[in-house]
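We name chains A, B, ... by the order of the sequence lines, and we start the count at 1 in each one. Only a predicted model underlies this, so the values are computations on that prediction, with no experimental measurement involved.
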There are 2 protein chains.
Amino acid sequence: MPASDTKERILDSAEELFAEHGYDATSLRAVTAAAEVNLAAVNYHFGSKQGLYRAVFERRVDPLNRERLRMMDVAESEAGPEGVIPLRRILEAFFGPPLRMSARGDDGWSRFLQIVGRMNSTSGEHVHALRQVFHQIEERFFPAIAAALPHLRPADLIWRMHFLIGSMCTLFADPKRITIVSDGLCDSEDPEESVAQLVAFAEGALQGPIAEAEVDVAAEEEVR
Amino acid sequence: MPASDTKERILDSAEELFAEHGYDATSLRAVTAAAEVNLAAVNYHFGSKQGLYRAVFERRVDPLNRERLRMMDVAESEAGPEGVIPLRRILEAFFGPPLRMSARGDDGWSRFLQIVGRMNSTSGEHVHALRQVFHQIEERFFPAIAAALPHLRPADLIWRMHFLIGSMCTLFADPKRITIVSDGLCDSEDPEESVAQLVAFAEGALQGPIAEAEVDVAAEEEVR
DNA sequence: GTCTATAGACTGATAGAC
DNA sequence: GTCTATCAGTCTATAGAC
């Protein structure tokens, strides 16, 4: 606010339009019109359309990561003497921050996560950027989950985390959809319901049966 | 092939480019250049870019749905006297056909599913089209899964199916990613491994603990 | 059915005045 | 920092010859 908030206004409009229409379908003219600033301001402040996209992304990703790591710090300090954090606490620290940030007032967070959800379903260069940015999260959470689930082979854990990230990103990409398809029975606007459902889902998925290719199905049925 | 395969060539190229770059980033010029046909042929055969997109989609969706329903017919005919199909059979019928089609030779299927995966992370009109097209699948599979899991409340089932579709679509959208991030430990090119992993994941997720908002966490820890 | 040519509009980016 | 004006290229779609 000292001289001008042009930069922030551009970021806000870009966040909204990138979230709603995607990167390619959003023109800089649409962004600057929505922000009520001059077209040339984008290139002055961000260099290019890609630069703007990156800036939109970087504004939110650090606070999100920090909150996740903070919750892990708390969980770790309360862990037993062996240092193993209970699975549910880890999952709360992973899923809780984004879902709560998304549902609490500020629409910007929800739009940012929508962009993340879109990126997750994109192959190519965007995915590489995503991985880099969430690398510290992976480094902290994967070993903790592995420690909480010692019976899982490394490959099983990677498959399951990949699937769980997909579940989460689907919720990010279009939070309203589940409310619509369920006729209001499921309420994604309530962050605690979303978190509880996703954590329970993840707990079951991670602790469930272990995949065995070419398994003798008949024999397995008997065991159950 | 009687007179010309122009239409098919356009569909093939469009499928590839829509899958790789998305709808908005794919120009009709790129499509017709790749297909080695004239630009105007697209409008002649498909009316518009949207018409082409729809045609790409409709070419594959029916065979996929038929195979899923066929596997359900088989499972149903082998079900016990109460008519309840075992959960694993239902999940095999749901996840097996797309993953096997995707991995068996024909790259077209894999590209088609990549488009489906992209659409799943898009809000707006595309999602509405998706639901319509997979409506008969939903109508057949959801009640069967509900019957196999009588302890689940309707809302729980919807949440979980929503999450599972997200897991599946992440695999569709970028099948190679898990192979890359796992350094080859997970092989998504092997359809039986993918199916086994996704089915095991889904089984655990569907049969896992039931979410309760505002639960007494301390008391729950004791039970475990 | 296939082609050329083009209409009419939109795109990201930039030069240069203020 | 903000503005106007514009470049050079792209886009979808179509009219009309063959």
Query raised in the report: With a 4.0 Å cut-off on heavy atoms, is B:T26 in touch with a base, just the backbone sugar-phosphate, or nothing at all?
Result: sugar-phosphate

State which of [options] makes the closest approach to the side chain of [X].
| X | options | value |
| --- | --- | --- |
| B:N43 | D:dA13, C:dT2, D:dT2 | D:dA13 |
| A:S48 | C:dA13, D:dT14, C:dT2 | C:dA13 |
| A:A40 | C:dA13, D:dT2, C:dA15 | C:dA15 |

[atom1] of [X] versus [atom2] of [N]: gap in Å, rounded?
| X | N | atom1 | atom2 | result |
| --- | --- | --- | --- | --- |
| B:K49 | C:dA9 | NZ | C1' | 15 Å |
| A:F46 | C:dA13 | CZ | P | 13 Å |
| A:R29 | D:dA5 | CZ | C1' | 11 Å |
| B:L39 | C:dT6 | CG | P | 15 Å |
| A:H21 | C:dT11 | NE2 | C1' | 16 Å |
| A:L28 | D:dC3 | CG | P | 16 Å |
| A:R9 | D:dT2 | CZ | P | 11 Å |
| B:Y44 | D:dG16 | OH | C1' | 15 Å |

Requested in this report: Inspect the contact between B:D73 and B:R66 and indicate whether a charged nitrogen and a carboxylate oxygen are less than 4.0 angstrom apart.
Outcome: no

Requested in this report: Please round to the nearest 0.5 Å and tell me the distance separating atom CZ of A:R131 and atom CZ of B:R177.
Outcome: 9.5 Å

Query raised in the report: Per the side chain to side chain donor-acceptor pair (under 3.5 Å) rule, which among B:K7, B:R59, B:R111 passes with B:D12?
Result: B:R59

Would you say a side-chain N or O of [X] is under 4.0 Å from OP1 or OP2 of [N]?
| X | N | answer |
| --- | --- | --- |
| B:S27 | D:dT10 | no |
| A:N38 | D:dT4 | yes |
| B:T6 | C:dG1 | no |

Query raised in the report: Between A:F201 and B:F201, does a ring pair (Phe, Tyr, Trp, His ring centres under 6.0 Å) hold up when you go through it step by step?
Result: CA-CA 10 Å; A:F201 175 89; B:F201 175 87; 5.8 Å; yes

Report task. Please determine which of A:F57, A:F112, A:Y53 meets the ring-ring contact (aromatic ring centres under 6.0 Å, His included) test together with A:F18. Result -> A:Y53

